[in-house]
Each structure stands twice: as C-alpha cells, then as structure tokens.
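Reading through the structure tokens given below for one structure.
This chain uses plain numbering: 1 for the first residue, then up along the sequence. Nothing here was measured: the structure is a model prediction, and the numbers come from that model.
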Amino acid sequence: ARTAAAFTKVMGRISDQPLLGREQLEGDTKNGGIVLIGSHVKKTTDQLNCLKELDGQADFMEFQVNTVFEENGLEKEVERTEKILSGRTVVIYTSRQLLAPENMTPEEKLHISVKISNAVTSIIGKLSVKPKFIIAKGGITSSDVGTKALRVKKARVMGQVKKGIPVWMTGEESKFPGMPYIIFPGNVGEVSTLKEIVEELI
C-alpha cells in the first residue's frame, strides 16, 4: 500500500499516545547527543537559526559542502568535524549554499549531492562513542543515517516527540543499540520546534 505513516497505526487499531518527553527518551549514557542537519529547505534554515539561540548549551559546527570541489575535500571536512566532537551535545549542519559551477548538468549536480550526503552520513558511521541521542534533520539525511550509518534493521517505534516527528529505539543489531533516534523531516514543525526538542533532551 502506498500511504502515509499513520497507515500502520490505523490498521493495527493502535490508540493515540501522548508525545514523548525526556523520561521516555533518556538513554543509557551520559554523553551528549548529535543533531545532524542536512536539509536545505527554508523552514529547516529558520529552525537552525532558532536553534542557535542555544549556543553555550550545545556546540555548533558547520560542515562546508563546497569542499566537494576540492581534491579529497569532503574527506578532510569529515576529519575536521570528527576532531570537534566532544562529550557535549553537538549540532552539525551543512553550509546553506552550494556554489556549483553554472555549466553543471542536473546529473552532475545530483552526483555532487549524493557525495555530500554520503560524507555527512559517514560522520555518524565513524563515531566510536555512543551518543545520548541522534536527531537527523531532512528526509534523505534521516534515511541514510538510519540505514547506512546506524545500520538499523529492526527498531521499536516509540511514538512521536512532536507531531510528525517519530522516534525509533534502535535494535540490537545496530551500531548503537538502545539509543533514541529522532527522524525529523525537512518541512515539518514550527520555527521553534527543533530548539524545543533539543532543549528537552540536553
């Protein structure tokens, strides 16, 4: 069936559940969390700017996407990002503008976008310390982080942290078993939604 996520809830006759809060999302580690923002839609950018009001409570790091045009540029940018990660909650976000040459074809632009997405996703895949939580912002970003970086095969859907924002508890086969993974689509929520979620968790 091609349908919305609510299909399983309706067919399974699952009753409405309250939104998840800190108690339900408390992981088994005292490390900080990771917020990974790949979406470039205007709403995401507005939410990111609002989130930056938490500067001081979380660390912010901009991933420079234009390094894709340099030799081994993305690899070096991933290494730079990894060195900044600490025990605090870290927000990693892609730079908001890709300065692509004017003569690039749509196929070349797509190839560039895939390379950037893979590089950003690899940051999570290379983590050696289990974060308290991971929030992935953006459809492609959240899909790649879940299936490629975290290697999730089976997860328990805990519910929603906000309307339209589901939370998985990762399975035993994943890179970090028993960790809350928050899937935040690009165009969902109000300007303050991302900030409210992060504030609740840190």
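Here side chain to side chain donor-acceptor pair (under 3.5 Å) pairs that include residues 191-202, with residues two or more places apart or in two chains, are E53-K195, K162-E196, S192-E196.
In this structure, K126 has no side chain to side chain donor-acceptor pair (under 3.5 Å) partners at least two apart in sequence or on a different chain. Legend: residues meeting salt bridge (charged side-chain N to carboxylate O under 4.0 Å, His left out) with K43, ordered by chain and number and at least two apart, are absent. Residues passing the side chain to side chain donor-acceptor pair (under 3.5 Å) test with K115, sequence neighbours excluded: none.
Looking at S95, its side chain does come within 3.5 Å of a backbone N or O of V65 through a donor-acceptor pair. With S142 contributing its side chain and K137 its backbone, the two residues share no donor-acceptor pair below 3.5 Å. In this structure a side-chain-to-backbone donor-acceptor pair under 3.5 Å is present from K132 to L201. Between the side chain of Q57 and the backbone N or O of L54, no donor-acceptor pair lies under 3.5 Å. In this structure, N31 contributes its side chain and K130 its backbone to a donor-acceptor pair below 3.5 Å.
Contact between F133 and I202 at its shortest, heavy atoms only, is CZ-CG2, 4.2 Å. For the pair V78 and A119, the tightest heavy-atom approach, listed with the atom from each and the gap, is CG2-O, 3.5 Å. The nearest pair of heavy atoms linking C50 to V191 is CB-O, 3.6 Å.
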Derivation of the salt bridge (Lys or Arg N to Asp or Glu O under 4.0 Å) call for R80 and E77: CA-CA 5 Å; R80 183 179 74 87; E77 189 67 1; 2.5 Å; yes
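Connection of V120 to F69 is established within a shared hydrophobic cluster, with ILVMFWY side chains joined at heavy-atom distances below 4.5 Å, either directly or through further cluster members.
Using a 4.5 Å cut-off between side-chain heavy atoms of Ile, Leu, Val, Met, Phe, Trp and Tyr, I140 forms no hydrophobic cluster with any other residue. In the hydrophobic clustering, V114 connects to L110, either directly or through intervening members, whenever side-chain heavy atoms lie under 4.5 Å apart.
With no hydrogens or angles considered, no side-chain donor-acceptor pair links S174 and R151 at under 3.5 Å.
Within a 6.0 Å radius of NZ in K175, other residues, nucleotides and ligands contribute more than 12 heavy atoms.
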